[in-house]
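Reviewing the structure listed below.
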There are 2 protein chains.
Amino acid sequence: MPTPHYGQPRYRVIADELKKRIEGGVIPAGSLLPSESALCAEFQAARGTIRKAIAVLRNASLVATEHGRGTYANLQPGGGQTDEDLESETLQRQVLADIELAALFDVDVGAVLIEQQLVDRRNGAVSRVVRTYRSLRSNG
Amino acid sequence: MPTPHYGQPRYRVIADELKKRIEGGVIPAGSLLPSESALCAEFQAARGTIRKAIAVLRNASLVATEHGRGTYANLQPGGGQTDEDLESETLQRQVLADIELAALFDVDVGAVLIEQQLVDRRNGAVSRVVRTYRSLRSNG
DNA sequence: AGAAATTTGTCCGTATGTATC
DNA sequence: AGATACATACGGACAAATTTC
């Protein structure tokens, strides 16, 4: 099989599945996740893909990895009962200035602006979308 | 060459080198970095290694990557001097969800969203516009 | 409008190095 | 010392977004 990845990339699907297991208690907090090779076997994925999935969870502070030991399901640092699972992803792209933005930046309508978009997810659902616009030649 | 990585791993060395070039102005802020394949040739490294180096810079907000375009040197690593005159104003309003926001918030296109807009001015000129969107029923 | 080239994104398989048990 | 597990690195292939012709 070559590489079919329409829709969500595989590493993100795997990350979501692991997240469910951690939140659902299938993988108790503080315990070790299955080893990378075990996850490779289960999900029929390459190690790089598994590692990337784990990197997503690590980035979300859901797990912590120790060299030579393994990856632990997260024990919440806040002390509290923070059952919240925050996630965020960013992307940057070029967009065309609408009338309002053009007036603000003092450029022509349709001029190129840089947009950075941040999407915050809370327990899976999008809670906030932040779009930051900058002019090309403004050193913010 | 097998894979010796005593001391610093290769991707980190490459990341440091690129960082020097950006901060030193060899790669001007806002301009494109060399393509991944070009960097592969220059550093004699595999693409995955180059991509990992760039990921380090992206994580440090030193660069931003756009699919199909390239990786841009970032404009704003936060220069030191602060003798500038900053202003900001905010406003809140209701807007209608476009296709992308509708998909993100899982609502219908045209549904009402809350938008908060922040306009930063620097010495009079708009340097940044931040638009934050929330759903009405968002438990934010 | 459309095809080709460029560039980044994802995924695979493998090999080797390093840390821990 | 040996086994296990994560870390780094290579090379190849195809997908998707953008630019160029």
Side-chain angles (χ1 to χ4, degrees), chain A residues 1-18 27 31-59 62-74 89-96 112-117 119 136, chain B residues 1-18 27 31-59 62-74 99-100:
Chain A
M1 285 309 156
T3 313
H5 61 90
Y6 297 92
Q8 279 226 331
R10 209 141 143 60
Y11 71 87
R12 192 162 271 288
V13 173
I14 295 174
D16 286 342
E17 170 60 27
L18 291 176
I27 301 177
S31 72
L32 272 175
L33 268 66
S35 72
E36 291 179 352
S37 48
L39 293 174
C40 285
E42 175 181 348
F43 290 104
Q44 284 291 298
R47 226 181 200 101
T49 305
I50 296 295
R51 285 180 57 74
K52 192 142 196 209
I54 293 179
V56 170
L57 302 180
R58 191 164 40 229
N59 198 2
L62 256 157
V63 301
T65 300
E66 294 182 34
H67 194 155
R69 291 192 56 109
T71 297
Y72 291 87
N74 203 17
E89 50 182 305
T90 63
L91 71 84
Q92 171 165 338
R93 58 193 171 184
Q94 298 191 2
V95 298
L96 305 183
V112 175
L113 295 177
I114 300 293
E115 178 193 279
Q116 264 171 339
Q117 177 169 286
V119 177
L136 280 171
Chain B
M1 267 112 52
T3 315
H5 59 278
Y6 297 91
Q8 282 232 328
R10 210 140 141 58
Y11 71 87
R12 213 166 273 284
V13 173
I14 295 174
D16 287 342
E17 171 60 27
L18 292 176
I27 301 176
S31 71
L32 274 173
L33 268 67
S35 72
E36 291 176 354
S37 50
L39 292 174
C40 286
E42 174 181 348
F43 290 103
Q44 284 291 298
R47 199 175 151 221
T49 306
I50 296 295
R51 286 179 58 75
K52 194 146 194 208
I54 292 178
V56 170
L57 301 180
R58 190 167 38 233
N59 201 4
L62 255 155
V63 301
T65 301
E66 297 184 35
H67 192 164
R69 280 220 177 81
T71 298
Y72 291 87
N74 217 0
I99 296 184
E100 186 181 6

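It should be emphasised that the depicted structure is a prediction, and the values quoted were computed from it without experimental measurement. All chains are named by letter (A, B, ...) in the order of the sequence lines, taking the proteins before the strands, and each is independently numbered beginning at 1.
- Across the protein-nucleic acid pair, B:R12 atom CZ and D:dT8 atom C1' stand 11 Å apart, rounded to whole Å.
- The base of C:dT18 sits within donor-acceptor range of the side chain of A:H67, with an N or O pair under 3.5 Å.
- Listed by chain and number, the residues in a side chain to side chain donor-acceptor pair (under 3.5 Å) with B:E42 are B:R21 (sequence neighbours excluded).
- By the salt bridge (Lys or Arg N to Asp or Glu O under 4.0 Å) test, B:R69 is found to be paired with B:E66, residues two or more places apart in sequence or in another chain being considered.
- A:V95 is linked by a side chain to side chain contact (heavy atoms under 4.5 Å, CB included) to A:R93, A:L113, A:E115, A:Y133, counting only residues two or more places apart in sequence or in another chain.
- Not counting sequence neighbours, the partners of B:S31 by the side chain to side chain contact (heavy atoms under 4.5 Å, CB included) test are B:I27, B:P28.
- With sequence neighbours excluded, the residues that form a side chain to side chain contact (heavy atoms under 4.5 Å, CB included) with B:S35 are B:S37, B:A38.
- Applying the 4.0 Å criterion to OP1 and OP2 of C:dC12, one finds that A:R10 has a side-chain N or O inside that range.
- Listed in residue order, the members of residues 45-57 of chain B having a heavy atom less than 4.0 Å from DNA chain D are B:A45, B:A46, B:R47, B:T49, B:K52.
- Residues passing the side chain to side chain contact (heavy atoms under 4.5 Å, CB included) test with A:D16 are A:Q8, A:R12, A:K19, sequence neighbours excluded.
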Scan the side chains in residues 45-55 of chain A for donor-acceptor partners under 3.5 Å anywhere in the protein, sequence neighbours excluded, and list what turns up.
from, atom 1, to, atom 2, distance (Å)
A:R51, NH1, A:E36, OE2, 2.8

I'd like a list of close polar pairs between nucleotides 2-6 of chain C and the protein, N/O only, cut-off under 3.5 Å.
none

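- Straight-line distance from the CG atom of A:L33 to the C1' atom of D:dC6: 13 Å, rounded to whole Å.
- Among the protein residues, A:Q44 comes within range of the sugar-phosphate backbone only, with heavy atoms under 4.0 Å from sugar or phosphate atoms but none that close to a base.
- Comparing D:dA5, D:dT8, C:dC12 by their nearest atom to the side chain of A:S37 picks out D:dA5.
- Side-chain N/O atoms of B:Y11 include none lying less than 4.0 angstrom from OP1 or OP2 on D:dA9.
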